[in-house]
Novice: 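Input: one structure, supplied below.
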Amino acid sequence: MSARKANGTDWAESEDNVRRLRQRTFEATQAGDLKKVRNPQKLMLRSRSSTLVGVKRVSGGRETAGIGGRRAAGRGSGGGIRPHRPMITCWPPSDSSPPGT
């Protein structure tokens, strides 16, 4: 399988589809025709190509989530990346002595 068609997705075709829709939107905007602007915008919202290209752009092309190439540990695996626990603070700070002393 080539890099162009990884995971059953033809990335070049998807990027071309998105580029053409963006071009149509730009040209209609420059012409000042708002009716012609809306149609490619609606197509972009419903387009699978637009979704794929957006996800690829946000994820940076990585295949799995994780840090440093390691996957995050699943439930019960006993190791790996742990979730962040927020520090709990109380304000105003209380005295360390028990009440009534």
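Numbering starts at 1 and runs along the sequence shown.
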Novice: Does anything in residues 19-28 form a side-chain hydrogen bond (donor to acceptor under 3.5 Å, both in side chains)? List the pairs, not counting sequence neighbours.
Specialist: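 Non-adjacent pairs meeting side-chain hydrogen bond (donor to acceptor under 3.5 Å, both in side chains): Asn17-Arg20, Gln23-Glu27.
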Novice: State, to 0.1 Å, how close Ser14 and Leu52 come at their nearest heavy-atom pair, and which atoms those are.
Specialist: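 Heavy atoms of Ser14 and Leu52 come nearest at OG-CD1, 4.1 Å.
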Novice: Distance-only criterion, 3.5 Å: show the donor-acceptor pairs between side-chain atoms of residues 34-46 and protein atoms not counting sequence neighbours.
Specialist:
residue	atom	partner	partner atom	Å
Arg46	NH1	Lys42	O	3.3

Novice: In this structure, which one of Asp10, Asp16, Thr9 forms a side chain to side chain contact (heavy atoms under 4.5 Å, CB included) with Glu13?
Specialist: Asp10
